[in-house]
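See structure below.
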Amino acid sequence: MNVVKGALIDADYETVDSRAFLRLFVKDVRGRSLVIYDDSFLPYFYVLPEGEPERLAESIRRELGDSIRGVVRCTMRVMGRETEVLLIQAHHPRDVRTLRERLRVFPGVRSVHEHDILFARRYLIDRRLRPLSLLEMEVEERDGRVFLRGFREAAGGVPELKVAAVDIEVYNPKMAPRSREDPVIMISLADSEGRERVFSWKDSGQEFVEVCESEGEMIERFVEFVRKQDYDVIAGYNTDSFDFPYLKERAKLLGVSLGLGRGGEEVEVGRQGMMPEARIRGRAHVDLYPIVRKHVRLNSYVLENVVEEVLGIEKEKIDGARLFEYWDSGGERLEALMRYSLEDARVTLRLLEEFLPLYMELSTLVGQCLNDVSRMTSGQMVEWLLMRFASERGELIPNHPEGREYERRSRETYTGGYVREPRRGLVERVAVFDFRSLYPSIIVSHNIDPSTLMVGEACRESENRVPELDYCFSTERTGFIPEILRSLIERRAEVKRELGRAKEESLRRRLEVSQQALKILANSFYGYMGYPRARWYRRECAESVAAFARKYIREVMRIAEERFGLEVVYGDTDSLFVVIPEHREGVVEEFLRCVNESMPGMIELEFEGFYRRALFVTKKRYALLTQSGKIVVKGLEFVRRDWAPIARETQREVLRILLEEGDVEKAVRFVREVVERIRRGEVSMEEITIYTQLTKSIESYRSMEPHVVAAKRLRDRGMAVTPGMIIRYVITKGRESISKRAKPAEQVKLDEYDPNYYIENQILPAVQRIFEAIGYGADYLRAGIKQTSLRKWFN
DNA sequence: AAATGACGGGG
DNA sequence: GTGTACGTCATTT
């Protein structure tokens, strides 16, 4: 028997002689990676019987016979009540699906539970195994494999992870690269030990370039490099949706392997929901794009912008449309492209370093592998945490809602957070405060949980009634959710106390990340209970939390207004926007201290930021100008490619004029000029061309949208039209539906475009709401000089 | 009014 | 893979 000290990086299973062996990918404290198997875990799920459990158990055994491994009677808590259930053991994870379908309609079965928890995830939960925590594992060797016999969590730091960031460049003479035709020209890699490589099949003479014979050889050399370096984490930017799916397509076409897995497994491009996910077995593949989107509020998430905002690094951008020219022309431009490509990998590595500690901490806390946790929303993290606690306490895990139940929940509305109608228009000097942390305190102090909820009559005597609602929560027994949440809040308080004492920088960083992770989870419980897909969804609970919160939030607003004489210009659920008059900057601190002292424990009001100017349109739609001169927009954007560039540009410029210059009249003039320009035909083809992707074959469309009609016209002229193509089209003059007037950009002359469409359906919608907030209707914007006089008479 | 389909990031 | 995002918007039906 041997002992391995290390941390779990990834987990999955392998089928050996039709049995499922858990595979644990472990990094030991000496930096070696190894695979540890466990063949002692079996797939299972639960059945809730309608009547007599033993009778049901017998009939299941009789009917299903050898297709199940066994039926075991056991007791679980269901909504806090001890209940007899049957545990159905399967032979193999893949059998669970058919068994579940069978048992769902089996006489005497009320419901089937815990049937959709993936095998490796279930294993981590049941064995109380936490990824990226330090473990002492007892192992033994058998048949040439290492098996886990037992483990315990040890004190001390986790071994350092070896990380690489990757990025590919693709030849794209037709703008959008087509994986069937356009080769990958470079694969760049930067790792945590300072290695920097660009694999390519042209030689630029730069020392970091590994010159390969062909595209296929380039992919093979890259794969070989990754496997030799044996990275624990592979990071990228949008690699789930672009780099790995593209590489995989190319590899397949060229007949080479993209075997980046730790056991040489191919990269698997699967699906997490609707979104593609590239899985690299044995490692964590971390796509930073969704992560950055979760943590940083930006108008644009193009890498250059993200890197500037998050890391403060100014990075050059090579125009995607021109990229292939750099490749073709060779020489200095090829060198520039190689540098650019490597720079992308480098900054991606830096981005990863920014977020990896937090996600490692979340992975351990949530108890699921880094690869998976990096793709979870905070609500999903809460759910996995709850599932783990449920398993530890013998609580039966509720099911996800099925189709109709989900529909029903989605329609269930309730009064949410308190929203203060914004003071519409431009406002100077706005401070934003955040009270998200109020919500977890409410859940804990009022014991808000599906199992403690009482409605109506039962609440008559209760001291724990919800304001404005006919609900109350029992205080006799602590609910499952408040109990877990309390432990998170207490742990966070403890970490913060330690942080107060800690001197050493690396310890401080660890504690800071730990408190941040605990905060993210704690703050997500309220949203989780009101999330229609949640296993522990309960409208009444979310509704009650919101009702309690409204009371406290109004109180905070009253303090701002009455005690400090500050104007509250907007507030939505967990935020508060306040005007800070000139020469009263100190009031921010005073206000925070006052609020945080007057409601001890409950509210931890935080200062989110100060903005030079704000434009409020309606609730949830506003734009802010930061002190550094950045414009942050919420709920107003049309920076999408299925809008004409002229509409996007006009909106951007309007917001800029309003926020930077504060000149309403100038903004109005600007829009009118654009409108006039469109009327007079003084626009370029590029400004009015709309780009929309054809996601499937023309035949499979049920409705004839503009881009589908344009695609049809392309095909009629003998062009090859394939799914995934970006259709470029212009709306032309006429009286038919918009679609019928959509023509491919290639087939249109400039004077054919329909000014009316571009004004009414593009420019005006993009700016109308903004102007309404400052008192200008669409007519005022629409009216060019000539038309103003006409309209006056005809309206 | 309901259904349908597209957006994001990547090159 | 014991699986199937998300929230929002325009246009068609």
Side-chain angles (χ1 to χ4, degrees), chain A residues 12-13 20 43-45 88 90 92-101 112-123 167-179 182 184-186 236-246 268 270-277 279 287-290 292-293 298-303 305-306 317-324 326-327 337 340-341 344 375-377 379-380 400 531 533 620 635 637-643 690-696 700-709 726-727 737-740 742 761-762 765:
Chain A
D12 69 355
Y13 73 88
Y44 70 90
F45 60 96
I88 313 291
H92 191 277
R94 84 171 88 82
D95 303 334
V96 170
R97 199 187 162 124
T98 28
L99 288 176
R100 167 232 290 168
E101 297 312 323
V112 178
H113 288 261
E114 307 196 17
H115 51 79
D116 54 358
I117 304 168
L118 301 184
F119 192 53
R121 296 185 182 182
R122 166 103 263 178
Y123 174 83
D167 178 48
I168 67 169
E169 309 305 325
V170 171
Y171 190 70
N172 62 333
K174 293 274 168 69
M175 286 281 280
R178 306 145 301 173
S179 56
D182 302 327
V184 175
I185 53 180
M186 296 171 191
Y237 196 77
N238 210 23
T239 32
D240 267 337
S241 313
F242 182 71
D243 300 57
F244 285 119
Y246 202 96
E268 294 153 60
R271 215 151 268 270
Q272 230 220 321
M274 288 300 290
M275 208 51 188
E277 173 194 343
R279 177 99 171 87
D287 185 345
L288 285 148
Y289 166 60
V292 171
R293 286 197 66 150
L298 298 172
N299 295 329
S300 154
Y301 292 90
V302 299
L303 185 58
N305 190 44
V306 166
K317 167 100 185 140
I318 288 187
D319 179 11
R322 290 253 126 82
L323 199 140
F324 72 100
Y326 284 70
W327 175 256
L337 183 57
Y340 162 81
S341 182
D344 269 6
R375 286 173 183 73
M376 287 178 191
T377 62
Q380 289 169 308
H400 275 137
Y531 169 56
R533 281 194 209 280
K620 303 193 195 297
E637 292 162 288
F638 301 92
V639 282
R640 307 172 18 151
R641 69 162 173 237
D642 58 350
W643 279 74
I690 300 165
Y691 292 71
T692 307
Q693 186 175 208
L694 192 74
T695 57
K696 48 192 179 184
S700 37
Y701 276 91
R702 276 184 278 202
S703 64
M704 280 298 140
E705 285 168 284
H707 71 293
V708 184
V709 173
I726 307 291
I727 308 297
S737 72
I738 293 168
S739 282
K740 294 217 172 85
N761 297 52
Q762 294 278 331

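In the text below, chain A, chain B and the rest are named by the order of the sequence lines, each starting its count at 1.
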Any donor and acceptor pair, going by atom type alone, linking the side chain of [X] with main-chain N or O of [Y] inside 3.5 Å?
X: Glu101(A); Y: Thr98(A); answer: no
X: Asn305(A); Y: Tyr301(A); answer: no
X: Asp95(A); Y: Ala90(A); answer: no
X: Asp243(A); Y: Ile168(A); answer: yes
X: Asp287(A); Y: Asp240(A); answer: yes
X: Ser739(A); Y: Met704(A); answer: yes

Just to confirm, is there a sub-4.0 Å distance from OP1 or OP2 of [N] to any side-chain nitrogen or oxygen of [X]?
X: Ser703(A); N: dT13(C); result: no
X: Arg100(A); N: dG3(C); result: yes
X: Arg533(A); N: dC6(C); result: yes
X: Tyr701(A); N: dT13(C); result: no
X: Arg271(A); N: dG3(C); result: no
X: Tyr301(A); N: dG10(B); result: no
X: His707(A); N: dA6(B); result: yes
X: Thr695(A); N: dA6(B); result: yes
X: Lys620(A); N: dT8(C); result: no
X: Tyr531(A); N: dC6(C); result: yes
X: Asn238(A); N: dG8(B); result: no
X: Gln272(A); N: dG3(C); result: no

Any idea which of [options] is nearest the [X] side chain?
X: Ser739(A); options: dT11(C), dA5(C), dG9(B); value: dT11(C)
X: His400(A); options: dG5(B), dT4(C), dT13(C); value: dT4(C)
X: Tyr13(A); options: dG9(B), dT2(C), dT12(C); value: dT2(C)
X: Asn761(A); options: dA10(C), dT11(C), dG3(C); value: dT11(C)
X: Arg641(A); options: dT11(C), dG9(B), dG5(B); value: dG9(B)
X: Pro93(A); options: dT2(C), dT4(C), dA5(C); value: dT2(C)
X: Trp643(A); options: dA10(C), dA5(C), dT2(C); value: dA10(C)
X: Arg293(A); options: dC7(B), dA5(C), dG8(B); value: dG8(B)
X: Arg702(A); options: dA5(C), dC7(B), dG5(B); value: dG5(B)

Describe the nucleic acid contact of [X] in one word from base, sugar-phosphate, nothing, applying a heavy-atom distance below 4.0 Å.
X: Leu99(A); answer: nothing
X: Ile117(A); answer: base
X: Tyr246(A); answer: nothing
X: Asp12(A); answer: nothing
X: Asp95(A); answer: nothing
X: Ile318(A); answer: nothing
X: Asp642(A); answer: sugar-phosphate

Smallest separation among heavy atoms of Val170(A) and Phe242(A), with atom names
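What the structure gives for the nearest pair is CG2-CZ, 3.9 Å.
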
Figure out the [atom1]/[atom2] separation between [X] and [N], and round it to whole Å.
X: Asp240(A); N: dT4(C); atom1: CG; atom2: P; value: 17 Å
X: Asp319(A); N: dG10(B); atom1: CG; atom2: C1'; value: 14 Å
X: Leu337(A); N: dG10(B); atom1: CG; atom2: P; value: 15 Å
X: Gln693(A); N: dC9(C); atom1: CD; atom2: P; value: 21 Å
X: Tyr691(A); N: dG5(B); atom1: OH; atom2: P; value: 24 Å
X: Met275(A); N: dG10(B); atom1: CE; atom2: P; value: 12 Å
X: Ile726(A); N: dG10(B); atom1: CD1; atom2: C1'; value: 11 Å
X: Arg640(A); N: dG5(B); atom1: CZ; atom2: C1'; value: 10 Å

Name the one of Phe119(A), Tyr44(A), Tyr13(A) that satisfies ring pair (Phe, Tyr, Trp, His ring centres under 6.0 Å) with His92(A)?
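Single pass found, and it is Tyr13(A).
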
Using atom C1' of each nucleotide, how far apart are dG5(B) and dA5(C) to the nearest Å?
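Approximately 16 Å lies between the C1' atom of dG5(B) and that of dA5(C).
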
Considering only heavy atoms and no angle criterion, is a donor-acceptor pair shorter than 3.5 Å present between the side chain of Arg94(A) and the base of dG3(C)?
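Check fails, no donor-acceptor contact within cut-off.
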
